[in-house]
Amino acid sequence: MQSPSNTRLATRKWRHWISEALFAGRSATDYFAPLMQAFDADWAPGKTMAGIESTQQETLDTKTLVLRPAKHWRGFQPGQHVAVDVDINGRNYVRTFTIASTPAHFDRTGTIALTIKENNAGRVTPFLHQHVRLGARVGISDATGGFLLPDTQQGTLLYLAAGSGITPVMSHLRTLVEQQFPMPVTLLYYARRQEELIFLKELLAIAKASPRFRLLTATTQDEDSRSTLHDRIDASHLEKALAKRMPTQVYICGPKGFNDSARGLLQESAASQVPVISEHFGGIVATHDSQAKHQIFLQHSERALEGSAQQTLLDTAEQNGLTPNAGCRMGICYTCKCKKTDGRVRNLITGEISDAGEEMIQLCISTPETDVTLDL
Amino acid sequence: MNAFSNALSRFQSKTPSKETLDQLAVELDALRDQIRADLGEKDADYIRKIIRQQRTLEVVGRALLHFSFTPIGFTAGVAALGTAKIMENMEIGHNVLHGQYDWMNDPKINSSTWEWDNVCDSQSWKRTHNYEHHTYTNIIGKDRDYGYAILRLSDDTPWHPLYRFQFIYYVLLSAFFEWGVGLHEMETEKLRSGEIKLRDKKKFFKEFFSKSAKQVFKDYVFFPALAGPFFLKVLAGNALANLTRNLWASTIIFCGHFTESAQTFTEEECRNETRGHWYYRQLLGSSNFEGSKFLHMMSGHLSYQIEHHLFPDIPACRYPEMSIRVREICERHGIQYNTGSFFDQYKTVVKRIVAYSKPPAMEAIPA
């Protein structure tokens, strides 16, 4: 006699087969979705949509977008991020943004705030800054990320942030404000110029209202700014931040270069044993140095190959003993199509450099411009 | 040789000079890049609209077949479902599977995941069509689409008495076209000659049975069963709809490469082919036909077979505007551009099938 779970599994397999037969490999929901969308433009099964409610300019190149996710969106924890997908001129792009607001705010208003820095060389952030209409819909993923507040309210926190890396920190700080600032926190925040310090007014207000919060700002390219510190992060800056407040947890968030420097300095400091949580931001800049070597990470094979702009990804894979599907080897038949999860590649036929996010590419006509991660 | 191939020699053009071919490559590449850069919301909206229309038609067709009890309702159901299947295979499936809409980064409308309404498995189709047919177009011995292994369509295939009846094979192939396409990867000619054995095709057969079982279940088991005692009516309706699609698809496809003006090439000619010569072979090996916008859509824009072969991964709805430029480029370089009315082109296809069914020495009886 079959156990209940076996029967359920068997029925599920048959239902799945029937659905594939009736709807050519799809589920019934997917088949009817285009028809449903004629009546309800928001109908997007399997996806959560969010409406853009309002925007606010923070600094010259940073803007906050307030989103209202659909009712079934599961919420988030302070410091987490979401993948947002947006249609721009017929193409869908996916980018990750950190939520700068708090869960309590979401519970009260049903909205979340994404504070986004515009990257002039990019495609998505300029669109979000300049062209997106209020009421427009974007796709939003479940929230993920490990940049989380500690479980306990005993302890002392140190945040080292630079540029738009302040966003997850703001989510933490705003949450702490809601909780009457239960523990001592120091924030050391870097920007190139004084006017580029995002949320400065709010940070100063928090510092004024909560004696447990100590704010140290620094400008790296603005000698005469009103910030306490100047120039890039160094041992003396860190000493000041650690003075009289040895942290029990350190958080670092900023561009990769800043994160690496900060980590290095921490190792050499009195806080070398303190646990660190870090997240890095900023896009990868494609080098046009055709001699440069790039790492090709293969997710399935769990290997890293060395490639360069001189060799197509297909050739690199084959030289390393792999046998990805391939066909015409001239970009016509799409047999070698493969998912690129990260990195930029150059299309040898069009000469274009690809997007940095998840995209399908043809291995036979793509060369790496940066480190690349492939679903191979 | 026969009267048909004598007539054909009219169309055999001399290969253009290297300079012409290089210039051809530059100009066609530029056209492709220009259109590619222009792809956007208009094209995304178009394919989404066609998908919506096609699915509505399919639902309406099946509903008509289920609920109608008069010949008019039944015929309307067959027409609707047949049209839906034609649209799905030709304007949507074939084009999406070519990667024409992959640039949209849509998880459903892309060549990796699309499965079409046909007993032919999508992966098998991509291998035989996207790769083999489009790479080796009209190269005798390498383009297996040329004759589909059962028809003699040029002097390159030696004559055999069985070819006398090839018009019957053609009619049968057309009536059961989706099965011919589905089994194309079986390479029957190689099985017959002993070059490969059945067990070499195990993986293919697994894939084929998996897909065709689902299709047979859908059209000949599930929907008829829904009609209870009237299952025969629905079964007949679905069979007729599939037949309609098969006949239409085979007619369009045969017009693409088997008109009298379409040229074939040898393997030697195409060894180490330059990009210019590749374009040239795609040009000369394909033919267009003219007609209304509706005809173009129903043919999946394979009425622009030339443009499709030059630019297989550009959305087919762009071929009409590209054809104006391609024609102009051909005229300037003195390269033949094969086109004509739909009926005229199809007539020459039938002529070819009949002409090559006869042994070489015989003169074809003038029509």
Side-chain angles (χ1 to χ4, degrees), chain A residues 14 16-27 29-39 44-47 85-94 139 325-340 347 349-352 354-355 357-362 365 375, chain B residues 29 32-33 36-37 39-45 48-49 51-56 58-59 88 93 97-99 101-108 110-118 122 126-127 129-136 211 213-218 221-223 275 278 311-313:
Chain A
W14 276 111
H16 196 66
W17 188 91
I18 293 177
S19 160
E20 276 189 10
L22 296 183
F23 304 114
R26 299 167 191 92
S27 65
T29 349
D30 284 341
Y31 179 84
F32 286 108
L35 301 182
M36 299 299 292
Q37 274 153 13
F39 301 106
K47 218 165 124 156
D85 73 86
V86 55
D87 284 325
I88 304 174
N89 194 21
R91 282 178 178 80
N92 187 269
Y93 297 89
V94 185
N325 289 333
C328 66
R329 307 184 83 98
M330 51 193 286
I332 298 283
C333 73
Y334 283 72
T335 303
C336 62
K337 226 173 73 150
C338 167
K339 192 192 302 195
K340 160 185 76 76
N347 180 316
I349 303 239
T350 63
E352 266 187 29
S354 79
D355 217 50
E358 195 176 280
E359 216 174 277
M360 297 299 276
I361 58 168
Q362 293 160 277
I365 54 165
D375 192 12
Chain B
D29 279 349
R32 176 203 62 203
D33 291 342
R36 221 186 239 147
L39 295 178
E41 199 166 338
K42 217 176 60 170
D43 307 274
D45 287 346
R48 293 202 165 107
K49 177 185 80 168
I51 290 174
R52 237 182 5 251
Q53 288 177 351
Q54 184 272 327
R55 289 196 185 161
T56 309
E58 182 173 345
V59 170
E88 199 283 340
L97 288 170
H98 255 293
Y101 294 96
D102 283 1
W103 55 270
M104 280 165 59
N105 209 25
D106 183 298
K108 305 284 180 331
N110 80 78
S111 63
S112 306
T113 57
W114 193 272
E115 192 58 60
W116 63 345
D117 178 4
N118 195 292
S122 289
K126 283 191 285 181
R127 287 190 296 266
H129 180 79
N130 292 2
Y131 170 39
E132 271 182 18
H133 171 62
H134 271 269
T135 310
Y136 304 117
K211 180 67 195 289
K214 290 180 185 153
Q215 288 289 114
V216 167
F217 172 78
K218 171 176 69 168
V221 174
F222 182 83
F223 283 111
R275 186 148 184 77
W278 186 87
F311 316 110
D313 58 350

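So you know, we letter chains A, B, ... as the sequences are listed, proteins then strands, and number each from 1.
Within the 4.5 angstrom heavy-atom criterion, only side-chain atoms of Asp102(B), from C-beta onward, approach chain A. For Phe223(B), the part sitting under 4.5 Å from any heavy atom of chain A is the side chain, from C-beta outward, and nothing else. Within the 4.5 angstrom heavy-atom criterion, no atom of Asp85(A) approaches chain B. At a 4.5 Å heavy-atom cutoff, the contact between Ala213(B) and chain A is made by backbone and side-chain atoms alike. Proximity to chain B involves both the backbone and the side chain of Ile349(A), based on heavy atoms less than 4.5 angstrom apart. Contact annotation for Arg127(B): neither backbone nor side-chain heavy atoms come within less than 4.5 Å of a heavy atom of chain A. The part of Glu358(A) that comes within reach of chain B is its backbone (N, CA, C, O), which places non-hydrogen atoms under 4.5 angstrom from that chain.
A cation-pi arrangement is not found for Arg36(B) relative to Trp103(B), the charged atom failing to lie both closer than 6.0 Å to the ring centre and inside a 45° cone about the ring normal.
Thr113(B) places a side-chain N or O within 3.5 Å of a backbone atom of Pro107(B) that can act as its donor or acceptor partner.
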- Task: Start with the C-alpha distance between Lys337(A) and Ser111(B), add both sets of side-chain angles, then the distance that settles side chain to side chain donor-acceptor pair (under 3.5 Å), and finish with yes or no.
- Result: CA-CA 9 Å; Lys337(A) 226 173 73 150; Ser111(B) 63; 2.9 Å; yes
- Task: Would you check, one step at a time, whether the test side chain to side chain donor-acceptor pair (under 3.5 Å) holds for Tyr334(A) with Asn130(B)?
- Result: CA-CA 7 Å; Tyr334(A) 283 72; Asn130(B) 292 2; over 6 Å; no
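By number of non-hydrogen pairs under 4.5 angstrom with chain A, the leading residue of Glu58(B), His129(B), His133(B) is Glu58(B). In terms of heavy-atom pairs under 4.5 Å with chain A, the best-connected choice from Tyr101(B), Phe311(B), Trp278(B) is Trp278(B). Comparing Met330(A), Glu359(A), Met360(A) by heavy-atom pairs within less than 4.5 Å of chain B, the highest count is held by Met330(A). Of the residues considered (Ala44(B), Ala37(B), Gly99(B)), Gly99(B) shows the highest number of contacts with chain A, using heavy-atom pairs under 4.5 Å. Ranked by heavy-atom pairs under 4.5 Å with chain A, the list Arg32(B), His134(B), Arg48(B) is led by Arg32(B).
The aromatic rings of Phe23(A) and Phe32(A) sit perpendicular to each other, their planes meeting at more than 60°, with 30° as the lower class boundary.
Salt-bridge annotation for Glu115(B) and Arg26(A): absent, with no side-chain N of the basic residue lying under 4.0 Å from a carboxylate O of the acidic one. The pair Asp375(A)-Lys340(A) fails the salt-bridge criterion, with no side-chain N (NZ, NE, NH1 or NH2) lying under 4.0 Å from an Asp/Glu carboxylate O.
Atom NZ of Lys339(A) has 12 or fewer heavy atoms from other residues, nucleotides or ligands within 6.0 Å.
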